[in-house]
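Taking it in order: structure first as structure tokens, then the write-up.
One-based numbering, in listed order, for ligands and for the atoms of each. Predicted, not measured: the structure shown is a model, and the values here were computed from it.
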Amino acid sequence: MENLSKTELLYDGNEKQIYATQDPDKVIIRYKDVTTAYKNIKRARFEGIGAYNNKISAMLFEELGKEGIDNHFIRLVSDTEQLCRKIVWINIVVVVHNWFAGSLARRLNIAEGVKCPNVIVDFRYNSDELDDPLINDDQAVALGLASYEELKFIDATSRKINEILLKRFSDAGIKLVDFKIEFGRTADGQIILSDELSPDRCRLWDAETGKKLDKDRFRQDLGYIVDGYKEVYERLKK
Ligand code: 5GP
């Protein structure tokens, strides 16, 4: 296996860093022990959370890859780092909902925890300044974010990812309430799943008790956040 290491820091985000490597098509993503919410107004350091996010993301990306979902993950480098294919971000946030919760429940005035009768896939424009507003296909094309064909592919792929993950979490006794994913373009123009798939990006509730095991623990002060992430990791690993 090629021996790649971190060279230049390309991006320093709230919760992750992206480093170039000796290979121009590959990057190393480092997950920090930091959690932020509400556009960085709430922020804290939690020892070990970066490792859980890194290892859960790696596990799910690897499994999705085996199910035919092309994604950026190549291999784990350490507890907090993974080697990934380099992509150019597509500035669309895809949020998939299976149960009403969070902003969708508020927007449509439906009680949190009600099952969605059908899967709901939302596209949002990835813009901190505008607070990630909902966009439709025409708006996404007008903004030059993607073509109609690419949007169709992103929508269909997101639904396939949901089917796979819904079952995977259900087998671990967890409800996958909703989750956020992002896609990117590789150097040869292929659209692949990127970013991360972790309790930072999903709502995960214990199937029996409804206990929240995800970032809402931090957002809503529901208890020590790392305990929830650890439980998710251990249940998925079984
Ligand atoms: P909501 O719109 O209710 O805030 O989020 C819906 C789902 O997408 C939740 O699982 C939430 O964790 C995820 N999500 C949406 N936007 C963001 C974001 O900016 N950061 C993080 N970490 N998760 C987000």
Side-chain angles (χ1 to χ4, degrees), residues 11-18 29 31-46 49-50 52-54 56-57 60-61 89-116 119-136 140 145 154-155 158-159 161-162 164-166 168-170 174-184 193-207 210-222 225-226 228-229 231-232 236:
Y11 166 83
D12 195 5
N14 289 326
E15 295 158 350
K16 287 199 296 275
Q17 291 174 319
I18 302 179
I29 300 183
Y31 286 70
K32 297 181 184 178
D33 276 345
V34 172
T35 301
T36 64
Y38 309 120
K39 289 170 98 179
N40 215 9
I41 291 172
K42 198 167 174 183
R43 181 184 174 94
R45 223 191 106 76
F46 293 105
I49 206 161
Y52 284 120
N53 281 330
N54 182 43
I56 293 169
S57 270
L60 296 176
F61 278 138
W89 281 307
I90 296 175
N91 274 328
I92 296 174
V93 172
V94 182
V95 185
V96 182
H97 307 265
N98 296 304
W99 279 266
F100 287 94
S103 70
L104 179 70
R106 287 193 296 276
R107 184 156 35 90
L108 301 182
N109 194 24
I110 294 178
E112 181 159 283
V114 172
K115 179 98 173 74
C116 302
V119 174
I120 298 173
V121 177
D122 284 336
F123 284 180
R124 299 188 196 164
Y125 179 28
N126 193 355
S127 162
D128 279 347
E129 211 185 344
L130 302 177
D131 216 5
D132 297 356
L134 278 174
I135 47 168
N136 64 22
L145 305 179
I154 291 172
D155 179 84
S158 302
R159 289 172 195 272
I161 292 168
N162 183 49
I164 298 165
L165 293 183
L166 200 55
R168 180 66 171 94
F169 279 105
S170 166
I174 295 171
K175 275 185 184 172
L176 176 60
V177 173
D178 58 24
F179 62 96
K180 163 197 171 172
I181 44 176
E182 294 181 34
F183 291 81
L193 175 66
S194 58
D195 195 45
E196 78 178 87
L197 257 175
S198 69
D200 260 10
R201 297 281 191 271
C202 308
R203 285 201 170 89
L204 302 168
W205 298 352
D206 181 282
K211 183 174 138 192
K212 296 181 179 179
L213 303 170
D214 56 75
K215 196 174 184 172
D216 275 351
R217 295 175 72 82
F218 175 67
R219 294 188 186 104
Q220 302 168 5
D221 296 315
L222 299 176
I225 186 173
V226 184
Y229 287 38
E231 198 168 329
V232 171
L236 286 175

Next on the checklist: Applying side-chain contact (heavy atoms from CB on, under 4.5 Å), can you list everything that pairs with Asp33, at least two apart in sequence or on another chain?
Outcome noted: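 With sequence neighbours excluded, Asp33 shows a side-chain contact (heavy atoms from CB on, under 4.5 Å) to Arg45, Glu47, Ile49, given in chain and number order.
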Checklist entry - What residues form a side-chain contact (heavy atoms from CB on, under 4.5 Å) with Ala105, not counting sequence neighbours? => result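 Result, side-chain contact (heavy atoms from CB on, under 4.5 Å) vs Ala105: Phe100.
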Which one of [options] has a non-hydrogen atom at the shortest distance from [atom]?
atom	options	value
atom 22 (N) of ligand 1	Asp200, Asn14, Val96	Asp200
atom 17 (C) of ligand 1	Glu196, Lys180, Glu15	Lys180
atom 12 (O) of ligand 1	Arg106, Arg124, Lys215, Arg219	Arg219

Checklist entry - When you measure from the side chain of Tyr38 to the backbone N and O of Arg219, does any donor-acceptor pair fall under 3.5 Å? => result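 Yes, because the side chain of Tyr38 sits within donor-acceptor range (under 3.5 Å) of the backbone of Arg219.
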Next on the checklist: One thing to verify: whether Lys180 and Asp132 come together as a salt bridge, which I'm taking to mean a side-chain N less than 4.0 angstrom from a carboxylate O.
Outcome noted: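 No.
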Checklist entry - Between Asp206 and Lys175, is there a side-chain N and carboxylate O pair less than 4.0 Å apart? => result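 No.
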With heavy atoms of [X] as the reference, note each atom of ligand 1 found under 4.0 Å away.
X	result
Gly102	3 (O)
Val95	6 (C), 7 (C), 8 (O)
Arg201	10 (O), 12 (O), 13 (C), 21 (C), 22 (N)

Checklist entry - Taking N or O atoms only and a 3.5 Å limit, does Ser103 qualify as a polar contact for ligand 1? => result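 Between Ser103 and ligand 1, an N or O pair is found under 3.5 Å apart.
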Checklist entry - Can you tell me which residue and heavy atom of the protein come closest to atom 7 (C) of ligand 1, and the distance to 0.1 Å? => result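 For this ligand atom, the closest protein heavy atom is Asp178 OD1, 3.5 Å.
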Checklist entry - What's the shortest distance from atom 5 (O) of ligand 1 to any protein heavy atom, and which residue and atom give it? => result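 Going atom by atom, the protein heavy atom closest to atom 5 (O) of ligand 1 ends up being Arg203 NH1, 3.6 Å.
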Checklist entry - Does the ring centre of Phe169 sit less than 6.0 Å away from the ring centre of Trp205? => result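 No, they do not, as the ring centres are separated by 6.0 Å or more.
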Next on the checklist: Are Phe218 and Phe46, when compared by the centres of their aromatic rings, separated by less than 6.0 Å?
Outcome noted: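 Yes, the ring centres sit under 6.0 Å apart.
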